[in-house]
Amino acid sequence: MKRIVILISGRGSNMEAMLKAHLPVEFAAVISNEPSAQGLATAQAHGKGIATAVVPHRAFADRAAFDAALAAEIDRHRPDFVVLAGFMRVLTETFVARYSGRMVNIHPSLLPSFPGLHTHQRALEAGVRIHGCTVHFVTPGLDSGPVIIQAAVPVLADDTEDSLAARVLEQEHCIYPQALRWLCDGRVKLGADGTVTVVDATVRRDALISPNLDT
Ligand code: NHR
Ligand code: GAR
């Protein structure tokens, strides 16, 4: 079974969705840069011997030192894949290169729109009618790696940042376990052109339209 290390910084609901998805994988460890991350307790409560660890970024002089310590902790668990699930520290090129093709992230926007932080607020300000989330391979460029799967949701007239975030999060919990399953099954192929193919994935050819057409 493929070994997975999950990196978190906070709540850990995406982590929890993966732990509960009955995937044929071994969750070797959950590692947080924040000592107070709620997700650490959730992982411990899940049982199944998942190790938890904290690598507190504030204890390190710079990003390179933090990333070296983080890599050392990750490597103790010998993962096949490293999964960022609400992980909030930008990672150095050296760190990313170490896990090239083996590290994925979920980002709360339809990339390449709204990379970086505060995506829901920025989507509301931009007035987009469709928003969503993206699972992608992690590359040195922030939120710009090859896309594996996306889900779209409508932006509603009375949305707040919180209501929109909640609608997107529900989709995150669907697509991230699916992406991890495909990865571990070897069905995610990264082409020379930098785009991803999912072998034997079904596709919907109908559109998601928001606001809807008049009927
Ligand atoms: N690192 C690299 N090199 N490439 C990516 O694609 C990465 C990454 C690290 C994290 C997740 C990402 C997201 O999905 C991610 C993708 C943190 C920040 C950020 O600015 C931006 C994007 C993401 C994660 N972090 C601040 C920093 O100084 C700290 C912000 C905070 O603590 O609240 O590192 O959105
Ligand atoms: C999720 O919406 C995730 O996409 C986002 O933070 C939330 C974490 O929730 N990630 C980022 O913004 C990364 N910068 P969770 O801890 O409950 O999974």
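We count ligands from 1, going down the list as the structure has it; atoms in each ligand are counted the same way.
The hydrophobic cluster containing Leu23 also contains Ile6, counting ILVMFWY residues as joined when their side-chain heavy atoms lie under 4.5 angstrom apart, directly or transitively. In terms of hydrophobic clustering, with Ile, Leu, Val, Met, Phe, Trp and Tyr side chains grouped at heavy-atom distances under 4.5 Å, Val135 and Phe27 are assigned to a common cluster. Hydrophobic cluster membership differs between Ile175 and Leu169, with clusters built from Ile, Leu, Val, Met, Phe, Trp and Tyr side chains linked at under 4.5 angstrom.
At a 3.5 angstrom cut-off on N or O pairs, Arg11 counts as close to ligand 2. Inclusion of Glu172 in the set of residues having an N or O under 3.5 Å from an N or O of ligand 2 is warranted.
For Ile8, the closest heavy-atom approach to ligand 2 does not fall below 4.0 Å. By the 4.0 Å heavy-atom criterion, Gly145 is excluded from the residues contacting ligand 1. Note on ligand 2: Gly12 sits in its first shell, one or more heavy atoms being nearer than 4.0 Å.
Protein heavy atom in closest approach to atom 6 (O) of ligand 1: Asp143 N, 2.8 Å. Distance from atom 2 (C) of ligand 1 to its nearest protein heavy atom, with residue and atom name: Thr139 O, 3.5 Å. Looking only at protein heavy atoms, the nearest one to atom 13 (C) of ligand 2 is Met88 SD, 3.5 Å. Of the protein's heavy atoms, Arg89 O, 3.2 Å lies nearest to atom 9 (C) of ligand 1. From the protein, the heavy atom lying nearest to atom 24 (C) of ligand 1 is Phe87 O, 3.5 Å. Remark: minimum distance from atom 35 (O) of ligand 1 to any protein heavy atom is reached at His107 ND1, 2.9 Å. At the top of the distance list for atom 1 (N) of ligand 1, counting protein heavy atoms only, stands Leu91 N, 3.1 Å. Considering only non-hydrogen protein atoms, atom 15 (P) of ligand 2 sits nearest to Ser13 N, 3.4 Å. Nearest to atom 19 (C) of ligand 1 among the protein's heavy atoms is Val90 CG2, 3.5 Å. For atom 6 (O) of ligand 2, the closest non-hydrogen atom of the protein is Gly86 CA, 4.1 Å. With respect to atom 32 (O) of ligand 1, the closest heavy atom belonging to the protein is Met88 O, 3.9 Å.
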*Apply the test side-chain hydrogen bond (donor to acceptor under 3.5 Å, both in side chains) to residues Thr195 and Asp193: give CA-CA distance (whole Å), side-chain angles for both, the deciding distance (0.1 Å), then the verdict.*
CA-CA 6 Å; Thr195 66; Asp193 64 354; 2.9 Å; yes

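His107 contributes a side-chain N or O that, together with a main-chain N or O of Phe114, makes up a donor-acceptor pair within less than 3.5 Å. A donor-acceptor pair is defined here as one N or O able to donate and one able to accept, closer than 3.5 Å; such a pair exists between the side chain of Ser32 and the backbone of Glu34. Between the side chain of Arg78 and the backbone N or O of Arg3, no donor-acceptor pair lies under 3.5 Å. In this structure, the side chain of Thr134 engages the main chain of Ser109 through a donor-acceptor pair within 3.5 Å. Put simply, the side chain of Arg102 gets close to the backbone of Pro79: a donor and an acceptor are under 3.5 Å apart. For the pair Asp67 (side chain) and Thr92 (backbone), a donor-acceptor distance under 3.5 Å is present.
The part of His136 lying near ligand 1 is the side chain, judged by heavy-atom distances below 4.0 Å. At a heavy-atom cutoff of 4.0 Å, ligand 1 is contacted by the side chain of Leu117 but not by its backbone. Within the 4.0 Å heavy-atom criterion, neither part of Thr92 lies near ligand 1. The residue Ser9 has no part lying near ligand 1, judged by heavy-atom distances below 4.0 Å. With a heavy-atom cut-off of 4.0 Å, Asn105 touches ligand 1 through its side chain alone.
Close contacts of ligand 1 with Gly116, meaning ligand atoms under 4.0 Å from a residue heavy atom, involve 35 (O). Atoms of ligand 1 found under 4.0 Å from any heavy atom of Ile106, numbered from 1 in the order shown, are 14 (O). Remark: ligand 1 atoms within the under-4.0 Å shell around heavy atoms of Leu142 are 4 (N), 5 (C), 6 (O), 7 (C), 8 (C), 16 (C), 21 (C), 22 (C). The contact set between ligand 1 and Gly141, taken as ligand atoms under 4.0 Å from a residue heavy atom, comprises 4 (N), 6 (O). In summary, the atoms of ligand 1 found under 4.0 Å from a heavy atom of Arg63, numbered by their order in the structure, are 27 (C), 28 (O), 34 (O).
Residue-environment remark: CD (Gln121) exceeds the threshold of 12 foreign heavy atoms within 6.0 Å. Enclosure of atom CG in Asp214 is not indicated, since only 12 or fewer non-hydrogen atoms of other residues, nucleotides or ligands lie within 6.0 angstrom.
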